[in-house]
Every structure is written in C-alpha cells, then in structure tokens.
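As the structure is a computational prediction, the values presented were derived from the model and not from experiment. First listed ligand is number 1; within each ligand, the first listed atom is number 1. Values reported hereafter were calculated over all heavy atoms of this structure, with side chains retained and with hydrogens, waters and symmetry mates removed.
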Amino acid sequence: MQDVPDSAPMTPKAQSAATREIAALAPIIPVLVVEDLAHARPLAEALVAGGLPALEVTLRTPCALDAIRAMAAVPGGVVGAGTLLTPDDIRAAKDAGARFGVSPGATPRLIAASVEIGLPLLPGAATASEVMALFEQGYDMLKFFPAETAGGAPALKSIGGPIPQVAFCPTGGVTPENGPGYLALPNVICAGGSWVAPKASCVAGDWAGIEELARAAARLGPARS
Ligand code: 3PG
C-alpha cells in the first residue's frame with residue numbers, strides 16, 4: 001500500500017482509490033468502541049491475528065484517539081477513525097495516525113477538510129441522491145449507512161443498477177448471518193461490523209475469543225444462491 005505524505009492535499013478520487021485498497025484487505029472491517037485504553041493494543045493484535053487488518057476506531061469514547069495511536073503501532077494493522085463528524089475530527093484523526101476515516105454521512109465542510117488534510121475518507125450515503133452527490137465530487141467508494149435500516153442488501157443491489165461505478169462498505173446491522181448477502185453483491189467490497197469485538201469479551205480480556213470471532217469473519221464470503 002502506498003504511503004500517503006503527511007497533510008498533503010488528497011482529491012476525493014485519490015481518497016477513494018486508497019479506501020478501495022483498504023476495503024479489499026478483508027471481508028469485514030471491525031467497528032470498534034474502545035472504552036479502556038489498556039484494551040487497544042491487545043484488541044488490535046487479536047483482530048489482526050484473526051485476519052482482519054483494517055480496523056475502524058470510533059471517536060465515541062474519551063480514549064479513542066489514544067487508542068488509535070496505540071493500535072497504529074501494531075504490525076500488520078491499518079487503523080482508521082470512525083464517526084468523523086467535523087473538520088476537527090478529521091484533523092485529530094490524522095494527527096493520531098489514522099490511515100483512513102469513516103463518516104456516517106458527508107457534509108461539504110467534512111469533505112473539504114479531508115481533501116485539505118489528506119485523510120482518505122469513506123463517506124456515508126444511504127440514498128441514490130447522496131451516492132450521486134458524492135460520486136459527482138469524485139468519491140467512488142462509500143459507506144452504506146445505516147445498512148440494514150436503509151433497505152439492506154436489496155437496496156444496495158438496486159442502487160448498483162443505475163450507479164455501478166460506486167462500491168460500498170455496508171455498515172449498521174451487518175451480522176455473520178446477513179453479511180454474505182452483502183458480500184455477494186458486485187458493488188460491495190467489504191462490510192463493517194461491531195460483532196467481532198463484543199464489549200464483554202474486551203472487559204474480560206478474552207483476546208483469544210475475539211481472535212476466533214475475527215477468524216470466522218475473515219472467512220465470510222459471498223452467499224451462494
Ligand atoms: C456503527 O457506527 O456503530 C456501525 O454502524 C456499527 O454498526 P453495528 O454495531 O450494527 O455493526
């Protein structure tokens with residue numbers, strides 16, 4: 001994977017080229033809510049060992065940025081920041097060492113900041129118009145959010161009819177059971193999900209259990225019809 005120079009501007013097209021590469025690393029990107037900084041490193045090690053190198057740490061806990069810093073040092077990991085809502089979030093994520101960013105949606109200011117700061121952004125979209133607006137700006141790799149409530153795999157399949165150029169990482173309600181249905185679509189590269197890092201397993205320090213969940217997620221493939 002190409003190194004991105006620090007804080008060099010990055011066009012939406014170049015951002016999507018980078019996020020496509022990251023999305024192709026494994027079928028699932030774990031969506032992580034890190035409550036305790038001490039969990040960051042062993043959690044990342046377990047997920048990477050289980051075959052899930054791309055990790056999304058949501059900026060929803062006080063230690064999230066420090067968790068990104070700690071996880072970024074884990075060999076083989078590609079750590080990104082999720083729940084990016086503002087330009088300040090983009091800057092903070094980049095400074096913490098995030099290699100990509102994820103947002104539930106997209107705003108003009110968020111996109112301008114990702115271009116200026118040079119953080120490959122996976123912006124969220126749930127409707128054809130949102131997909132078209134982002135595609136118009138150069139993004140062709142998006143998060144489909146909230147995946148299950150926005151219509152699930154059938155909705156994404158329908159969007160892929162008229163807009164096949166755009167690929168997705170569906171997130172929100174994705175499970176080991178419905179994941180293969182998404183992964184079978186030609187416009188899905190990977191999916192995001194939080195089930196691989198249950199809170200109880202983190203609290204119990206059950207890193208072997210999380211590695212096993214990751215291993216099973218890494219084996220998920222397209223549903224056979
Ligand atoms: C999130 O941002 O929390 C993601 O949508 C994860 O959703 P999930 O918990 O349904 O996997």
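Each of Gln165, Gln15, Arg20 was evaluated against Asp140; a single residue qualifies, Arg20, per the side chain to side chain donor-acceptor pair (under 3.5 Å) test. Residue Arg91 is tested with Leu119, Ile117, Leu84 for a side-chain contact (heavy atoms from CB on, under 4.5 Å); the sole match is Ile117. Screening Leu55, Asp36, Leu32 for a side-chain contact (heavy atoms from CB on, under 4.5 Å) involving Leu43 leaves a single residue, Leu32.
Closest to atom 10 (O) of ligand 1, if we only count protein heavy atoms, is Gly173 N, 2.7 Å. Of all protein heavy atoms, the one closest to atom 7 (O) of ligand 1 is Gly172 CA, 3.6 Å. Here the heavy atom of the protein found nearest to atom 5 (O) of ligand 1 is Phe145 CE1, 3.2 Å.
Distance check: Cys169 SG to Asn187 CG gives 12.0 Å after rounding to the nearest 0.5 Å. The OH atom of Tyr182 sits 11.0 Å away from atom CD1 of Ile28, with the distance rounded to the nearest 0.5 Å.
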Could you list the donor-acceptor pairs under 3.5 angstrom formed between side-chain atoms of residues 199-213 and any protein atom two or more places apart in sequence or on another chain?
residue: Asp206; atom: OD1; partner: Gly209; partner atom: N; Å: 2.9
residue: Glu211; atom: OE2; partner: Arg215; partner atom: NH2; Å: 2.3

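For ligand 1 and Arg60, the ligand atoms under 4.0 Å from any heavy atom of the residue are 1 (C), 2 (O), 3 (O).
Scanning Gly82, Ser194, Gly193 for the heavy atom closest to atom 8 (P) of ligand 1 points to Ser194.
The shortest heavy-atom distance from Thr171 to ligand 1 is under 4.0 Å. For the pair Trp195 and ligand 1, no heavy-atom separation below 4.0 Å is found.
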